[in-house]
S.K.: 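Before I ask anything, here is the structure I am working with.
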Amino acid sequence: MTTRDALAAVREEVRRTPAYPFTRIDVPVKLDQNESPWDFPENLKKLATERAMSRAWNRYPDLNADTLAERIGAYEGWDPRGVVVTPGSNVLIKLLTELGGINRTVLTVKPTFAVYELEAMMLGARLVEVPLHDDFSLDASGLEAELRKGGPGLVYLTQPHAPTGHLDREDDVVRLANAASKAGGWVTVLDEAYYQYSGSDYRELARGHDDRVVLRTFSKAWGLAGLRLGYALTTPAMATELQKLVPAFNVNALTQAVVEVALEHPQYVRERAEATVRERERVLKALEAHPTWVAYPSSTNFFLVRTPNAEEAYKALISKGVLPRRQDKQHLLAGCLRVALGTPEENDRFLEAAMQIQANG
Ligand SMILES: *Cc1c(COP(=O)(O)O)cnc(C)c1O
């Protein structure tokens, strides 16, 4: 049998779905994945390594990372029975799609975070995307109309939003969560991957509501993207359902040890988030002097910049040792690159490179 015949056994939805769009490019200034530019602090790395050494590696870890869920609950002021822990919040997006999206609706906006779309496509959900307004704000009326048409399904409210960096008005977000609850049959997912950079916090919107789930991650402000840890905050009743979908022993013992140590020393996260916000305002201010680019305000650790020609600008930045991410194929984002904030030195290199790119980039 040929490979082609064998692949006919793969579900059509999977075959139709593109692979996660990412190409690794090695350059000195890496601003393409919205990671923290600072590694996990050296002294904590040491403590975490010792913690990992003290554990038995021949034994399975906690079934549901229960100790870690307890520590996250204490950190977040959340009932630990309502905490679900997985290797990255991308896993939770897949599991939530399994929980509420298969053969149902996934409602989000356009442009949106690629993982919502890819999981919906692979799992055979009907994907409904309501375009953002030109200023990147939510079309609350358009979304509300879709919510009223009815689920069942999932609705994603990403605050602050990716890939735009926009933070919406709180009353719009509250209004949509309430509309979803009122219509019934919807799970509202509040993805807060970047909340440390925005001053927003939607935990209270989810507290006590079985149909609402907050997603948070250690991949961005905590500087632990390499360890893979994300979590959901919801009610114990919803967490019990979601937990059924998590493969047993899913979070490895080493990651558990490292994240426990991080949670015991959270001060560095705030300091670094504040430094990133200061850098963001400095870089955006400096870009006002650019002759052809327009940078958009942001509530995250990245921002969008609109260039006359995204491909040329992208190539020119790479040739100067700086790597952004292209976003120009997306709705509303013609010409746009996404740029993460780096260290002050990296941001200087970005600005120097950007200012040299003028007429055609
Ligand atoms: C980075 C990001 C995440 C985090 O994904 P992990 O799997 O936890 O690394 C989640 N949602 C959005 C919108 C993101 O940009």
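All ligand and atom numbering here is 1-based and tracks the order in the structure.
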S.K.: Would you name the heavy atoms of Pro37 and Glu346 that are closest together and state the gap between them?
M.R.: CB-OE1, 3.6 Å
S.K.: Considering Ala114, Ser89, Ala193 one by one, which has a heavy atom nearer to atom 5 (O) of ligand 1 than any of the others?
M.R.: Ser89
S.K.: Check the orientation of Tyr268 and Trp222. Use parallel for under 30°, tilted for 30 to 60°, and perpendicular for over 60°.
M.R.: perpendicular
S.K.: From the options Thr158, Val155, Leu127, Val130, select the one residue that forms a side chain to side chain contact (heavy atoms under 4.5 Å, CB included) with Thr108.
M.R.: Leu127
S.K.: Minimum heavy-atom separation for Ser299 and Arg280, please, with both atom names.
M.R.: C-NH1, 3.3 Å
S.K.: Counting only nitrogen or oxygen atoms and a 3.5 angstrom limit, does Thr158 reach ligand 1?
M.R.: no
S.K.: State which residue, out of Val189, Asp191, Thr188, Leu190, fulfils the side chain to side chain contact (heavy atoms under 4.5 Å, CB included) condition with Val214.
M.R.: Leu190
S.K.: Identify the closest protein heavy atom to atom 9 (O) of ligand 1: which residue and atom is it, and at what distance?
M.R.: Ser219 OG, 2.6 Å
S.K.: Below the 3.5 angstrom mark, is there an N/O of Asn90, backbone or side chain, next to an N/O of ligand 1?
M.R.: yes
S.K.: Taking a cutoff of less than 4.0 Å between a non-hydrogen atom of the residue and any ligand atom, is Tyr194 in contact with ligand 1?
M.R.: yes
S.K.: For Arg228, take its heavy atoms, then give the atoms of ligand 1 lying under 4.0 Å from any of them.
M.R.: 6 (P), 7 (O), 9 (O)
S.K.: Where does the angle between the aromatic ring planes of Phe218 and Tyr231 fall among parallel (under 30°), tilted (30 to 60°) and perpendicular (over 60°)?
M.R.: tilted
S.K.: What residue and heavy atom of the protein are closest to atom 11 (N) of ligand 1, and at what distance?
M.R.: Asp191 OD2, 2.7 Å
S.K.: State yes or no: are the ring centers of Tyr194 and Phe302 separated by less than 6.0 Å?
M.R.: yes
S.K.: Determine, using heavy atoms of Gln33 and all atoms of ligand 1, whether some pair is separated by less than 4.0 Å.
M.R.: no
S.K.: If you have a sec, work out which protein heavy atom is nearest atom 14 (C) of ligand 1 and how many Å separate them, to one decimal?
M.R.: Lys220 NZ, 3.2 Å
